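Right, one structure below, let's go through it.
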Amino acid sequence: MTSSDIVITRLGLRFLSRQIPCMIGRSGITSHKNEGDSATPRGIHSITGFFYRPDRVSRPSSLFVPIRPRDLWSDDVSDPSYNLMVQAPHEYRCERLTRSDPLYDVLIVINWNWPIAISGKGSAIFLHQWRRCCYPTEGCIAVRRDHLIWIARRVCKNTHFIIN
């Protein structure tokens, strides 16, 4: 663990000596993640992507690339591109990254079940904006918007997520 790592526990998120309230999956933290279980995967995870909505926020740092209107994330266990970013149109079930709400305006992708995904072991584990305090996620980690932007401006490629 280094000082640039993000540590997640049931009590919140710790990064660069700051304690930040966060939400995790409604089923808590698990060592046995499965698609649709609403759990956040335990472990030490690296970051595989940095994205932002250029129509809604300014670029947090040079690491971030724009989310485009056709960007999707496959969460269909039968899709050969399961747990990967794909482009619309796509014949399998996917999550649209250009959401109408602000949850994915800034998005950090965690390497859970990536890059060669095991079908059904979980997809789309992100750090993103929360809906509101005390509202759990489907397995992601979520923080308040101002905290997310603060983190995004300081996170680096070798930052790890340590989820206990």
Side-chain angles (χ1 to χ4, degrees), residues 1-52 60-61 63-64 67 72-86 92-95 97 99 103-164:
M1 183 167 76
T2 69
S3 61
S4 67
D5 289 335
I6 296 172
V7 179
I8 309 291
T9 68
R10 294 182 195 283
L11 302 175
L13 180 153
R14 191 173 62 249
F15 181 54
L16 300 178
S17 302
R18 280 184 76 174
Q19 189 73 29
I20 297 171
C22 76
M23 298 308 303
I24 59 172
R26 80 171 56 88
S27 298
I29 296 171
T30 185
S31 298
H32 305 286
K33 176 82 181 128
N34 290 299
E35 187 68 41
D37 66 2
S38 296
T40 302
R42 181 182 321 278
I44 299 173
H45 310 290
S46 60
I47 297 173
T48 60
F50 302 85
F51 299 97
Y52 76 105
S61 82
L63 296 173
F64 285 78
I67 294 172
L72 310 170
W73 199 275
S74 175
D75 59 2
D76 190 327
V77 297
S78 62
D79 186 350
S81 296
Y82 174 67
N83 198 29
L84 294 173
M85 182 185 279
V86 295
Y92 295 90
R93 185 185 69 237
C94 294
E95 186 167 2
L97 297 184
R99 295 172 60 111
L103 267 60
Y104 290 175
D105 287 359
V106 175
L107 195 63
I108 297 173
V109 181
I110 301 168
N111 77 332
W112 175 255
N113 199 22
W114 187 94
I116 301 170
I118 297 170
S119 183
K121 290 298 179 185
S123 64
I125 303 299
F126 305 143
L127 173 64
H128 63 74
Q129 181 178 323
W130 68 19
R131 287 184 195 282
R132 63 182 179 275
C133 183
C134 304
Y135 192 92
T137 70
E138 297 296 318
C140 292
I141 301 151
V143 297
R144 211 170 63 198
R145 184 181 188 90
D146 60 322
H147 289 150
L148 179 60
I149 291 170
W150 183 86
I151 292 167
R153 289 181 178 154
R154 291 160 179 81
V155 72
C156 57
K157 286 183 181 181
N158 60 352
T159 297
H160 289 89
F161 280 78
I162 300 168
I163 304 172
N164 297 313

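For this chain, numbers begin at 1 and follow the sequence in order. The shown structure was predicted, so the numbers you read here are calculated from the model rather than taken from an experiment. Note that these values count all heavy atoms, side chains included, but never hydrogens, waters or copies made by symmetry.
The shortest non-hydrogen separation linking Met85 to Leu97 is CE-CD1, 3.4 Å. Across all non-hydrogen atoms, the minimal contact from Arg153 to Pro60 is CG-O, 3.5 Å. Closest non-hydrogen pair, Arg131 versus Arg99, comes out as NH2-NH2, 3.4 Å. Scanning all heavy atoms of the two residues, the minimum distance from Ser4 to Asn158 falls at OG-OD1, 4.3 Å. In terms of heavy-atom proximity, Pro136 sits nearest to Gly25 at CB-C, 4.2 Å. The two residues Val155 and Phe50 make their nearest non-hydrogen contact at CG1-CE2, 3.6 Å.
Considering Ile20, Val106, Asp146 in turn, Ile20 is the only one that fulfils the side-chain contact (heavy atoms from CB on, under 4.5 Å) rule with Ile151. Remark: of the listed residues Leu148, Ile8, Ile47, Leu148 is the sole one forming a side-chain contact (heavy atoms from CB on, under 4.5 Å) with Leu127. Remark: of the listed residues Phe161, Phe126, Trp130, Phe161 is the sole one forming a side-chain contact (heavy atoms from CB on, under 4.5 Å) with Ile141.
Within the 4.5 Å cutoff, the side chain of Asn34 has heavy atoms near those of the Lys121 side chain. Residues Trp150 and Val143 fail the side-chain proximity criterion, which asks for heavy atoms closer than 4.5 Å. Side-chain contact check for His45 versus Ile125: every heavy-atom pair is 4.5 Å or farther apart. Between Pro21 and His147 the shortest side-chain heavy-atom distance falls below 4.5 Å.
A donor-acceptor contact under 3.5 angstrom links the side chains of Asp76 and Ser78, judged on distance only. Under the 3.5 Å distance criterion, with hydrogens and angles disregarded, a donor-acceptor pair is assigned to the side chains of Ser46 and Asn111.
Atom CH2 of Trp73 sits about 10.0 Å away from atom OH of Tyr104, to the nearest 0.5 Å. With values rounded to the nearest 0.5 angstrom, Arg42 atom CZ is found 13.0 Å from Lys33 atom NZ. Note: Thr48 OG1 to Ile108 CD1 = 10.5 Å, rounded to the nearest 0.5 Å. Separating the CZ atom in Arg154 from the CD1 atom in Ile149 is a distance of 11.0 Å, to the nearest 0.5 Å. Distance check, rounded to the nearest 0.5 Å: CG of Asp105 to NE2 of His128 gives 11.5 Å. To the nearest 0.5 Å, atoms CD (Glu138) and OG1 (Thr40) are separated by 10.0 Å.
Ser119 places a side-chain N or O within donor-acceptor distance of the main-chain N or O of Val77, the cut-off being under 3.5 Å. Asp79 places no side-chain N or O within donor-acceptor distance of the main-chain N or O of Tyr92, the cut-off being under 3.5 Å. For the pair Asp5 (side chain) and Ile44 (backbone), a donor-acceptor distance under 3.5 Å is absent. In this structure a side-chain-to-backbone donor-acceptor pair under 3.5 Å is missing from Thr9 to Asn164. At distances below 3.5 Å, not a single donor-acceptor pair connects side-chain atoms of Ser38 with backbone N or O atoms of Arg26. Not one N or O on the side chain of Thr30 forms a donor-acceptor pair closer than 3.5 Å with the backbone of Pro41. Asn83 contributes no side-chain N or O that, together with a main-chain N or O of Ser74, makes up a donor-acceptor pair within less than 3.5 Å. A donor-acceptor pair under 3.5 Å is formed between the side chain of Tyr82 and the backbone N or O of Gly122. Side chain of Glu35 to main chain of Ser123: a donor-acceptor pair is present (N/O by atom type, distance under 3.5 Å, no hydrogens or angles).
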Decide yes or no on side chain to side chain contact (heavy atoms under 4.5 Å, CB included) for Trp114 and Val109, but give the supporting numbers first.
CA-CA 10 Å; Trp114 187 94; Val109 181; 5.9 Å; no

Start with the C-alpha distance between Phe64 and Leu107, add both sets of side-chain angles, then the distance that settles side chain to side chain contact (heavy atoms under 4.5 Å, CB included), and finish with yes or no.
CA-CA 9 Å; Phe64 285 78; Leu107 195 63; over 6 Å; no

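Atom CZ of Arg14 has 12 or fewer heavy atoms from other residues, nucleotides or ligands within 6.0 Å.
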